[in-house]
Amino acid sequence: MIPSGLNQTKGRVFERGILPLNLRMNVVRTDYARLDLWSHTDLAYLQHDPALTPFLSYSPQASAIPDVLEERKKYPTHRKLLAQTVARQYSQVGLPPPVSEDLLSRETTYTVTTAHQPALLTGPLYHIYKIASTIHLAREIQKANQDLTIVPVFVIGGEDHDWAEINHVHLFGRRYQWEREASGPCGRLTLEGLGDLLDTVGALFSNTRYGTEIQNLLGSALGQATTYAQFHHILIHHLFGQEGLVVLNMDDPELKRAFIPVMERELREQFSNRLVPATQTLLEKAGFKAQAFCRPINLFYMTPGIRERLDPIDEGILRVESKAVVPLDQVIEDLHQHPERFSPNVILRPLYQETILPNLAYIGGGGEIAYWLERKSQFEYAGVHHPMLIRRNSLLLLEDSTIAQMTKAGLTNDDILMETDALIKSYVVRHSQGDTDYQKELQHIQDAYTSLAEKSRLIDPTLVSAIQAEGIKQVKQFEQLGSRLLRAEKQAQETNIKRVQKIKEKLFPENGLQERHDNFLPFYAQYGQGWIQDMISVCDPLDERFTLVELQAQ
């Protein structure tokens, strides 16, 4: 059953559609501005703010895709290297690539790409939505360009070392963490201790419809992998490989060898530090905050277990953590002999990715899009194509049990998008046994004192201030009494209010977005691979509206 009142808001705030999906689902879309959970830059991008136009190469609209295709042809691409690398990386984990080496090598093959750190078991739901949005867009471009091949690509951001950000997962209100010491790039970590955690997680789903499938999925990924990046590769492949997604680990010696010219210019010229901060200044003047801190050299140096920053000094290059000072020419020689030791940071990573891939569009979250907006001049200087930037879809999933609870509590989808305090106040007023709205009476009091002050103005103007002051005093006292009335009603409805708060907390954990907290496994356990396919159908990144998905039991 679907909560009532969904389409009764003036101006059709919501739009509903029943898609021909594998599961029974209703899709409801509404304006992102309904929720106060997005940054200023994110909302401005979604609303096509003209102030951001100078920082874009293309408007994120379907009508601009022919221009992207035409412009992309002007830039050389390492297609053969990409094809060989994909084949090799899939062979290393014992998997068949989703597309052939020959297909990736063709001049008529292009990509649509997203990237993410290897969060534990994919981490929060938006990891899944990014990939689903990427596959959806690739299919849409493919439909309109039958003479081309459009391949969706997921890049593993395994060179980061933000271990605390990715070493845990939230399931059923609890946090499960991979307990181990970690240093250096996360993707290069061994799988020490991961099996115990996977056994614990797998047991949570032992009695679910697709629990055995989940246990086999996790066991297969653990058994075939030797590094954490490979584990993540296998997991993503099992979820999305049949949908044509190619997984690519950019922490690869041969891919980095192709990026040597740009890394050498960064070491010698420090060009990013000239261009990116200047763009950030322009963005700030336009009213948008800078995102990523740009350093003089935006590369790390990696040796086993260590990922250290590089800083320029008079004597050459300082490796900050080890305090080693190396002459610049020696660093350049090291770069040419061992490119795998050098790792682009967040400033250079987009440039590295677009150097390797024949990419048309990058799909990212609001924060990612914000830092890609700072890169246009950097791309132009390096002679690399700056892709179309498209904001991934944001979803809120409503299971049938939650919908039933909402219906019982008298809540609509309009209600659950309200801020919690406003929701409680609105709910109490709507469900009160008596009339708790005292605004009409309050207005009468205000009008009475205003009228009395006007009369006194003609008879004795010295009384006006006293009357106005008394009016303010009476209004405050009346509002206090009205608030007591509302509190009394809240106490009478305490059980119902707790029910409303529980529903709100489930859908917006810790007053944040469900997609930034909950993991995909509980949904997969109930709906299986069909849920993945339906997320791809729902996630149309060119539809720039917040999406509520009402899941219904089969």
Asker: Please determine, by modelled atom types, if Q529 and Y210 share a side-chain donor-acceptor pair under 3.5 angstrom.
Answerer: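 There is no such pair between these side chains.
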Asker: Please state whether the rings of Y352 and F259 are parallel, tilted or perpendicular, taking 30° and 60° as the class boundaries.
Answerer: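 Tilted: the ring planes of Y352 and F259 meet at 30° to 60°.
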Asker: With a cut-off of under 6.0 Å to the ring centre and 45° to the axis, is R307 in cation-pi contact with F300?
Answerer: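 Yes, R307 lies over the aromatic ring of F300.
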Asker: Might you work through the side chain to side chain donor-acceptor pair (under 3.5 Å) test for T279 and E374, ending with a clear yes or no?
Answerer: CA-CA 6 Å; T279 302; E374 302 171 352; over 6 Å; no
Asker: If the condition is ring pair (Phe, Tyr, Trp, His ring centres under 6.0 Å), which residues does H238 pass it with, not counting sequence neighbours?
Answerer: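 Listed in chain order: nothing, the list is empty.
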Asker: Regarding R79 and the six-membered ring of Y110, is the cationic atom NZ or CZ under 6.0 Å from the ring centre and inside 45° of its axis?
Answerer: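 Yes, R79 sits over the ring of Y110.
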Asker: Fit a plane to each ring of W163 and Y228, take the angle between them on a 0 to 90° scale, and name the class: parallel (under 30°), tilted (30 to 60°) or perpendicular (over 60°).
Answerer: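 W163 and Y228: perpendicular rings.
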Asker: May I ask you to decide whether R88 forms a salt bridge with E254, counting only side-chain N to carboxylate O separations under 4.0 Å?
Answerer: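 Between E254 and R88 there is no salt bridge, as every charged N stays at least 4.0 Å from the carboxylate O atoms.
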Asker: Taking the side chain as every heavy atom from C-beta outward, state whether W372 and Y362 have any atom pair closer than 4.5 Å.
Answerer: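 In short, these two side chains touch, coming nearer than 4.5 Å.
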Asker: Under the criterion side-chain contact (heavy atoms from CB on, under 4.5 Å), which of M388, H385, E354 is the partner of N359?
Answerer: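 For N359, the side-chain contact (heavy atoms from CB on, under 4.5 Å) test succeeds with only one of M388, H385, E354, which is E354.
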Asker: Using the ring pair (Phe, Tyr, Trp, His ring centres under 6.0 Å) criterion, which residues pair with H136? Sequence neighbours excluded.
Answerer: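 Result, ring pair (Phe, Tyr, Trp, His ring centres under 6.0 Å) vs H136: none returned.
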Asker: Measure the acute angle between the ring planes of F172 and F205, then classify it against the limits of 30° and 60° as parallel, tilted or perpendicular.
Answerer: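 Because their plane-to-plane angle lies in the 30° to 60° range, the rings of F172 and F205 count as tilted.
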Asker: So which of R375, R391, K130 actually passes salt bridge (charged side-chain N to carboxylate O under 4.0 Å, His left out) with E368?
Answerer: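 Of the listed residues R375, R391, K130, the salt bridge (charged side-chain N to carboxylate O under 4.0 Å, His left out) partner of E368 is K130.
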